[in-house]
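Notes follow once the structure below has been shown.
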There are 2 protein chains.
Amino acid sequence: MKRLLRQIDSEISALGGKRSRSRASIIEVFFRSGRHLTVDELTSEVRARNRDIGAATVYRTLKLLSRLGYAKELDFGEGARRYESSLTAHHDHLVCTGCGNVSEFEEPRIERLQDEVAKKHGFVPTMHRLAIYGTCPRCLSPQPRETAE
Amino acid sequence: MKRLLRQIDSEISALGGKRSRSRASIIEVFFRSGRHLTVDELTSEVRARNRDIGAATVYRTLKLLSRLGYAKELDFGEGARRYESSLTAHHDHLVCTGCGNVSEFEEPRIERLQDEVAKKHGFVPTMHRLAIYGTCPRCLSPQPRETAE
DNA sequence: TATGATATTGAATGTCAATGTCATGATATA
DNA sequence: TATATCATGACATTGACATTCAATATCATA
């Protein structure tokens with residue numbers, strides 16, 4: 001973790017950037033959470049530690065991480081995009097429409113079929129987005145306690 | 001086509017709605033286009049026929065078609081959503097990042113694998129979204145004439 | 001350390017798609 | 001045709017995100 005932060009800092013320096021406490025704080029909270037957060041959610045969590053960090057800075061920091069390849073922008077059509085750490089391998093998403101939780105899966109066979117489809121259409125694919133929407137096991141369970149958000 | 005418009009009108013009546021020229025015009029242009037349009041694009045095309053139709057009405061009409069099941073809302077993360085006729089069978093999308101054009105494909109094997117994945121995670125799937133992004137054959141061709149925005 | 005060049009900050013403001021509001025106009029039915 | 005009600009277009013508002021700006025923090029150099 002410390003290691004990761006230092007690595008990111010050095011990349012920023014290499015690009016002519018400078019360090020900042022706000023940014024370090026945002027980056028740390030982001031990677032610690034390990035979830036798929038909206039800017040709004042991350043801002044709340046960051047503010048719980050440091051009251052006076054502006055939302056704009058959270059936006060900027062996530063954009064920065066995304067440019068550097070440490071974060072990925074996700075769009076599940078919820079109106080606000082989510083960010084995830086891109087330290088894990090490639091994967092697609094299961095989105096629960098009940099509680100909003102997002103989990104991940106890998107399925108090489110689907111990947112292969114996608115390439116096949118693209119090729120058949122004379123398309124050169126650069127990326128894809130696959131999300132399966134539905135109800136997660138937790139929300140399906142008989143005693144539907146509080147559903148987050 | 002006339003048939004379709006009449007069918008939609010009668011459904012609207014059944015729900016306590018009334019007919020209107022603006023709406024009829026919007027619906028007709030939408031289905032005739034056969035493309036995946038943003039509200040903005042559709043508004044332009046509609047205005048070419050009838051100068052004084054407001055954008056709000058186009059929004060409302062597409063929402064209505066969507067509620068009635070005649071149109072589908074699509075979100076390719078472009079900032080504005082697109083609508084497509086839902087008269088054709090289920091399919092996924094190929095999005096050209098060069099010219100913005102959207103084409104369709106069906107791949108039952110992918111569908112099957114998706115259900116399998118969902119089941120494996122204890123998920124009850126209700127829908128999915130799959131878009132493959134890349135460059136279409138036209139944009140790949142040696143003489144890169146004008147690429148429509 | 002002190003300095004100065006430059007990056008970063010938070011707040012305010014701008015932008016843009018989408019939706020809400022409302023007075024006016026259109027439509028269906030008695 | 002009267003009247004009840006829906007639909008319209010103009011305009012305002014919302015909410016996510018980007019941008020601007022003056023103040024401040026950082027860092028290499030003296």
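Every chain is numbered from 1 and lettered A, B, ... according to where its sequence line falls, protein lines coming before strand lines.
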Minimum-distance pair of heavy atoms, taken over all atoms of Leu140(B) and Gly122(A): CD1-O, 3.6 Å

Distance in angstrom units between Asp52(B) CG and dT24(C) P, rounded: 18 Å

Side-chain donor/acceptor of Arg82(B) to backbone N/O of Leu74(B), under 3.5 Å: no

Ring pair (Phe, Tyr, Trp, His ring centres under 6.0 Å) between His128(B) and His90(B), worked out: CA-CA 11 Å; His128(B) 70 259; His90(B) 172 75; 5.0 Å; yes

Length of the line joining Leu64(B):CG and dT8(D):C1', which is rounded to integer Å: 14 Å

Interface with DNA chain D, restricted to residues 13-30 of chain A and to heavy atoms under 4.0 Å: Lys18(A), Arg19(A), Arg21(A)

Check ion pair Arg35(B)-Glu45(B) (N to O, under 4.0 angstrom): yes

Lys/Arg N to Asp/Glu carboxylate O, Glu116(A) vs Arg109(B), below 4.0 Å: yes

Could you go over nucleotides 16-20 of chain D and give all protein N or O partners under 3.5 Å, atom names and distances?
unit_1, atom_1, unit_2, atom_2, d
dC17(D), OP1, Arg81(A), N, 3.0
dC17(D), OP2, Tyr59(A), OH, 3.2
dC17(D), O3', Arg81(A), NH2, 3.1
dA18(D), OP1, Lys63(A), NZ, 3.3
dA18(D), OP1, Arg81(A), NH2, 3.1
dT20(D), O4, Arg60(A), NH1, 3.3

Closest approach of Asp9(B) to Arg19(B) (non-hydrogen atoms, all atoms of both residues): OD2-NH1, 3.0 Å

Between dT19(C) (P) and Arg67(B) (CZ): distance, integer Å: 11 Å

Straight-line distance of Lys120(B) NZ to Phe105(A) CZ, nearest 0.5 Å: 9.0 Å

Rounded distance [0.5 Å steps], CZ in Phe76(A) versus CZ in Arg129(B): 8.5 Å

Protein-nucleotide distance (Ile53(A), atom CD1; dT8(C), atom P), rounded to Å: 15 Å

Spacing of Glu41(B) atom CD relative to dC16(C) atom C1', expressed in whole Å: 15 Å

Distance (rounded to the nearest 0.5 Å) between Ile8(B) CD1 and Glu28(B) CD: 10.5 Å

Nucleotide dT8(D), atom P - distance to CZ of Arg51(B) in whole Å: 18 Å

Protein-nucleotide distance (Ile12(B), atom CD1; dA26(C), atom P), rounded to Å: 19 Å

Spacing of Ile8(A) atom CD1 relative to dT8(C) atom C1', expressed in whole Å: 17 Å

